Protein chains: 2
Amino acid sequence: MDSTQTRRTALQGAAQEAQRIADPVVGAGEPMFDLIELMFFAYRDFVGDADHLLENFGLGRAHHRVLHFVNRRPGLTIAELLEILKITKQSLNRVLKDLLDQDYVESRPGVNDRRQRQLFPTAQGKTLALDVARLQSRRFARVFAHLRDGARADAIDFLLAMVDAGERDKVAALVGARPVLAAPGPRR
Amino acid sequence: MDSTQTRRTALQGAAQEAQRIADPVVGAGEPMFDLIELMFFAYRDFVGDADHLLENFGLGRAHHRVLHFVNRRPGLTIAELLEILKITKQSLNRVLKDLLDQDYVESRPGVNDRRQRQLFPTAQGKTLALDVARLQSRRFARVFAHLRDGARADAIDFLLAMVDAGERDKVAALVGARPVLAAPGPRR
DNA sequence: GAAATATGTCAACGATGCTGCCATAAGGGC
DNA sequence: GCCCTTATGGCAGCATCGTTGACATATTTC
């Protein structure tokens, strides 16, 4: 169970200290060039899946992000979307307008607050969003088919830990991942 | 153990069937929304480190990538850089020109083939590239300090596996990671 | 010497960020 | 009802970084 590993905060210091001492290089240890570069290559190919599929529809990466989150959280407001994407409303509006015009997304006045706009995917919006998600999921499926059993849970922990600390709880809640992070798991 | 872990054999079970009925368009299992979204958030914050540091120097993300790889592989040619970055020479030239003008990178005629240009970081180029790499490495260090012992090697395996199959060997060679991936030996 | 190769460059365009500013509509406090 | 705040929309302009296409130059190779 993921909660088997819900306790401890002390190892942090030791590991970091060991890492620092192990490397003669100034500052804070030998740069992790391998991980730095792998983040670049892995992300590039990962988003490539979505890019390639969506270009058939004349939609770009920005459209995809909006469609994805609207599909994932139907009823999302503009403000919530801006908070998730961390872009300006002008940037959002440009792509959102396309999605509305082309009937991938529809907007209705907020239920509680009619100043707000709640966003919903249309039938074709859902289909497209799911098509992309499945394509991306196939990449993950191929990946984990080659890795050991806990690899998927480990990847989730790793990626969540990579998120800025101040954002981590929000992200964890959004993606539905249990915030294992604050209290890591199976120690040595 | 982790019930969140996808079991390939069980994936075709009840959960997916429920999904299929609820939604007519199902391809290959439940989309891994968590991982899809975590890739986005993790990469966003990861590159944010570099972006924020480099904006003090008037350099953008594209400049950073070039500087990074030139620093990592001194003597790189234009063609090799294009192959790594997968952009056009016009895009490269724009940022490379800035780096040359501002003395972060220098170029010399190729040793064997004088048509080529070999690129080298200057002293200040090395310093800047290393500063960024260390900043990014600190994020990784914080991450792994919270995760179990093998987490770093696992992350490397995961990210490398995320790379397109056709690119994986090249990437593995570039980052110096052993291509564990091609031969899925460490199964279990 | 001709062809292929490695690179540089000009011009235009496209996607996606940004800032600044102003407009509109609805909610809330008085 | 008046007024301030909030949620959103829209216009104008700009920056970064990617693209294609066409052409120039130097060098290697055949």
Side-chain angles (χ1 to χ4, degrees), chain A residues 40 43-44 47-48 50-70 75-102 105-120, chain B residues 40 43-45 47-48 50-52 54-70 75-102 105-120:
Chain A
F40 167 66
Y43 190 76
R44 180 192 65 185
V47 293
D51 288 348
H52 297 146
L53 198 162
L54 285 159
E55 75 179 340
N56 301 325
F57 297 83
L59 300 176
R61 192 175 293 186
H63 298 95
H64 173 227
R65 288 179 192 144
V66 172
L67 178 60
H68 173 93
F69 285 109
V70 168
L76 210 63
T77 65
I78 301 289
E80 288 167 340
L81 202 40
L82 292 177
E83 163 68 19
I84 290 171
L85 300 176
K86 297 220 186 301
I87 57 175
T88 61
K89 68 175 177 181
Q90 290 86 342
S91 293
L92 172 59
N93 242 322
R94 180 165 36 201
V95 291
L96 181 55
K97 195 167 186 307
D98 293 339
L99 293 172
L100 291 167
D101 289 349
Q102 295 171 48
V105 169
E106 69 176 36
S107 123
R108 308 175 206 149
V111 171
N112 300 319
D113 184 335
R114 280 170 33 204
R115 288 172 305 180
Q116 297 181 329
R117 298 296 184 132
Q118 289 190 287
L119 304 172
F120 300 86
Chain B
F40 167 66
Y43 190 75
R44 181 192 64 185
D45 291 349
V47 291
D51 288 348
H52 297 146
L54 285 158
E55 74 180 340
N56 302 324
F57 297 83
L59 300 175
R61 193 174 292 186
H63 298 94
H64 174 226
R65 286 179 193 144
V66 172
L67 178 60
H68 174 93
F69 285 109
V70 168
L76 210 63
T77 66
I78 300 290
E80 288 167 340
L81 202 40
L82 291 177
E83 163 67 19
I84 290 172
L85 300 176
K86 296 219 186 304
I87 59 176
T88 59
K89 69 176 173 176
Q90 293 86 336
S91 292
L92 172 59
N93 243 323
R94 180 166 33 200
V95 292
L96 182 55
K97 196 168 185 307
D98 292 338
L99 292 172
L100 291 167
D101 290 348
Q102 295 170 47
V105 170
E106 69 176 36
S107 125
R108 310 177 205 148
V111 172
N112 300 319
D113 184 338
R114 278 170 35 203
R115 289 172 303 179
Q116 297 181 328
R117 299 297 183 129
Q118 288 190 289
L119 304 172
F120 300 85

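Worth saying up front: this structure is predicted, and the values here are computed from it rather than measured. All chains are named by letter (A, B, ...) in the order of the sequence lines, taking the proteins before the strands, and each is independently numbered beginning at 1. Hydrogens, waters and symmetry mates are skipped; everything else that's a heavy atom, side chains included, is used.
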(Q) Per the salt bridge (charged side-chain N to carboxylate O under 4.0 Å, His left out) rule, what does the pair list look like for residues 78-93 of chain A, sequence neighbours excluded? (A) A/Glu83-A/Lys86, A/Glu83-A/Lys170, A/Lys86-A/Glu167
Q: Taking salt bridge (Lys or Arg N to Asp or Glu O under 4.0 Å) as the test, write out the residues that go with A/Arg114, two or more places apart.
A: none
(Q) Suppose we screen for salt bridge (Lys or Arg N to Asp or Glu O under 4.0 Å). Which residues come up paired with B/Arg94, at least two apart in sequence or across chains? (A) none
side-chain hydrogen bond (donor to acceptor under 3.5 Å, both in side chains) involving [X] - partner list, sequence neighbours excluded:
X: B/His64; result: none
X: A/Glu106; result: A/Arg108
X: B/Asp98; result: B/His63
X: A/Ser107; result: none

Which atom pairs link the protein and nucleotides 17-19 of chain D when you take only N or O atoms and keep those under 3.5 Å?
from: D/dC17; atom 1: OP1; to: B/Arg61; atom 2: N; distance (Å): 2.6
from: D/dC17; atom 1: OP1; to: B/Ala62; atom 2: N; distance (Å): 3.1
from: D/dG18; atom 1: OP1; to: B/Arg65; atom 2: NH1; distance (Å): 2.9
from: D/dG18; atom 1: N7; to: B/Arg94; atom 2: NH2; distance (Å): 2.3
from: D/dG18; atom 1: O6; to: B/Arg94; atom 2: NH1; distance (Å): 3.3
from: D/dT19; atom 1: OP2; to: B/Thr88; atom 2: N; distance (Å): 2.7
from: D/dT19; atom 1: OP2; to: B/Thr88; atom 2: OG1; distance (Å): 2.9
from: D/dT19; atom 1: OP2; to: B/Ser91; atom 2: OG; distance (Å): 3.2

Figure out the [atom1]/[atom2] separation between [X] and [N], and round it to whole Å.
X: A/Lys97; N: D/dC11; atom1: NZ; atom2: C1'; result: 12 Å
X: B/Arg117; N: D/dT25; atom1: CZ; atom2: C1'; result: 11 Å
X: A/Ile78; N: D/dT6; atom1: CD1; atom2: P; result: 18 Å
X: A/Leu119; N: D/dT8; atom1: CG; atom2: C1'; result: 11 Å

Q: Looking at every strand, decide which applies to B/Asn93 at a 4.0 Å heavy-atom threshold: base, sugar-phosphate, or nothing.
A: base
Q: Would you kindly compare B/Gln118 and A/Gly58 by the position of their nearest DNA chain C nucleotide and give the one closer to the 5′ end?
A: B/Gln118
Q | Range on DNA chain C touched by chain A, heavy atoms, distance below 4.0 Å | A | C/dT16 to C/dG27
Q: By nearest nucleotide on DNA chain D, pick out whichever of A/Ser107 and B/Asn112 is the more 5' one.
A: A/Ser107
(Q) Angle between ring planes, A/Tyr43 versus B/Tyr43, binned at 30° and 60°: parallel, tilted or perpendicular? (A) parallel
